[in-house]
Amino acid sequence: MISIVLPIHNEAANLPDLLEALDRSLSSIDHETILVNDGSTDGTGECLDARARRDPRTRVLHLSRNFGQTAALSAGLDAAQGDVIVTLDADGQNDPADIPKLLDALADGADVASGWRRVRRDPWLTRIFPSRVANAFIARVTGVPLHDYGCTLKAYRRSILGDLRLYGEMHRLIPIWCAWKGARIVEVEVRHHPRRFGRSKYGIGRTFRVLLDLLTAKFFYSYLASPSHALGGVGILLIGGGFFAGLFPILDKFVFNQWGPLRIPFMIFSVFLGLLGMQFLALGVLAEILVRIYYENRNEHTYRIARSNPENLERPLSQNLSRGGE
């Protein structure tokens with residue numbers, strides 16, 4: 001079964017056409033639709049309840065207030081029961097007719113099918129340009145080469161999402177978390193329509209918030225299993241800088257004897273860098289302890305098995321060894 005998840009905030013004018021297009025796209029597919037009302041105040045809630053009364057495959061979640069798209073999407077993902085989860089925006093700019101293309105990509109072996117709005121119908125200066133800069137930067141930093149992280153139209157295998165928890169603007173960075181688990185990610189070119197009703201909730205300010213969340217994602221993606229490698233590395237660099245800063249006044253005193261007034265500032269700077277470096281080393285050790293507690297208490301592993309041979313797992317170890325010798 002396919003679960004369709006739509007986070008919605010004040011989109012009453014766009015919903016009738018969107019839901020009709022969704023019905024046409026999914027007419028031959030076993031699915032459920034989860035509509036998350038993120039504190040709408042324009043009659044969206046009444047429209048969603050009417051839809052749920054007409055269609056038994058529709059479930060509506062009304063959040064107590066406007067928590068933001070990430071929280072609304074997280075609520076929908078938690079409620080989804082399908083083997084495949086498809087997400088899209090409710091503003092009418094994503095085309096539900098592209099959903100079968102995403103499902104075909106998963107059928108071909110992908111774990112995540114990410115929509116790519118190659119041709120966008122948005123203002124260039126305030127939406128397209130900052131989005132392209134942010135996408136290129138995210139792809140460069142994380143090593144996950146997607147052209148369009150901001151496209152909400154995506155399809156995921158439920159198994160790859162696992163116990164995903166989203167914060168801030170992290171919904172745009174879900175492919176990074178999936179890649180961290182070893183998912184195979186493909187991009188699928190999708191259509192993008194101009195907004196017909198209402199105003200966009202996005203602006204250039206959100207781009208900066210996404211970039212800040214990227215720092216957190218990068219740390220977890222690269223250093224969750226070994227945080228001391230990051231923090232300890234910074235500590236060693238600072239201690240090394242303190243050593244060379246302290247070496248300068250010593251050499252000046254006994255060799256050059258030219259910059260006397262700078263000796264004391266350099267000595268103070270050397271002590272400062274040394275103490276700061278030791279703090280980073282201590283933070284690295286504490287982070288390692290917390291990571292060990294995290295994995296052991298949750299009974300989690302630092303790896304994910306994609307496939308295994310059931311026959312070899314069912315046979316005793318001695319038989320596996322003898323079979324290998326043959």
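Reckoned from all heavy atoms, side chains included, excluding hydrogens, waters and symmetry mates.
- Partner of Asp148 under the salt bridge (charged side-chain N to carboxylate O under 4.0 Å, His left out) criterion, chosen from Lys154, Arg117, Arg132, Arg118: Arg117.
- Checking side-chain atoms of Arg127 against main-chain N and O of Arg121 turns up no donor-acceptor pair under 3.5 Å.
- With Asp95 contributing its side chain and Val190 its backbone, the two residues share no donor-acceptor pair below 3.5 Å.
- A pairwise comparison of heavy atoms in Ser25 and Ile29 identifies O-CD1, 4.2 Å as the closest pair.
- Side-chain atoms of Glu187 and His147 include a donor-acceptor pair closer than 3.5 Å.
- Evaluated for a side chain to side chain donor-acceptor pair (under 3.5 Å) with Gln93, the options Asp122, Thr152, Asn14 yield exactly one hit, Asp122.
- In this structure, Arg65 does not pair ionically with Asp38, as no charged nitrogen and carboxylate oxygen lie closer than 4.0 Å.
- Counting non-hydrogen atoms of neighbouring residues, nucleotides and ligands closer than 6.0 angstrom, the CZ atom of Phe269 reaches no more than 12 such neighbours.
- Applying the side chain to side chain donor-acceptor pair (under 3.5 Å) test between Ser3 and each of Glu32, Arg158, Gln81 identifies Glu32 as the sole match.
- Here the CG atom belonging to Asp89 is positioned 10.0 Å from the CD1 atom belonging to Ile8, to the nearest 0.5 angstrom.
- Checking Asp49 against His62 by side-chain atom types alone, a donor-acceptor pair falls below 3.5 Å.
- Phe248 and Phe266 have tilted rings, their planes meeting at an angle from 30° to 60° on a 0 to 90° scale.
- Between Asp83 and Arg157, no side-chain nitrogen of the basic residue sits less than 4.0 Å from a carboxylate oxygen of the acidic one, so the salt-bridge criterion is not met.
- Side chains of Arg53 and Thr58: a donor-acceptor N/O pair is absent below 3.5 angstrom, by distance only.
- A donor-acceptor contact closer than 3.5 angstrom links the side chains of Asp42 and Thr44.
- Ser27 and Asp23 share no donor-acceptor pair across their side chains, judged by distance under 3.5 Å alone.
- Shown here for Pro7 and Ala90, the closest heavy-atom pair between the two residues is O-CB, 3.8 Å.
- Once rounded to the nearest 0.5 Å, the distance linking CG of Asp108 with CG of Leu103 reads 11.0 Å.
- Atoms CG and OG1, on Leu48 and Thr33 in that order, are 11.0 Å from each other to the nearest 0.5 Å.
- When every heavy atom of Ala113 is checked against every heavy atom of Leu102, the shortest pair comes out as CB-O, 3.6 Å.
- Contact detail for Leu88 and Pro96: the closest heavy-atom pair is CD1-CG, 4.3 Å.
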Can you give the donor-acceptor pairs under 3.5 Å from side chains of residues 270-281 to other protein atoms, not counting sequence neighbours?
residue	atom	partner	partner atom	Å
Ser270	OG	Gly242	O	2.5
Ser270	OG	Gly246	N	3.3

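- If you take NZ on Lys181 and CG on Leu161, they are separated by 7.0 Å, rounding to the nearest 0.5 Å.
- Ile4 and Ile99 get closest at one heavy-atom pair: CD1-CD1, 4.3 Å.
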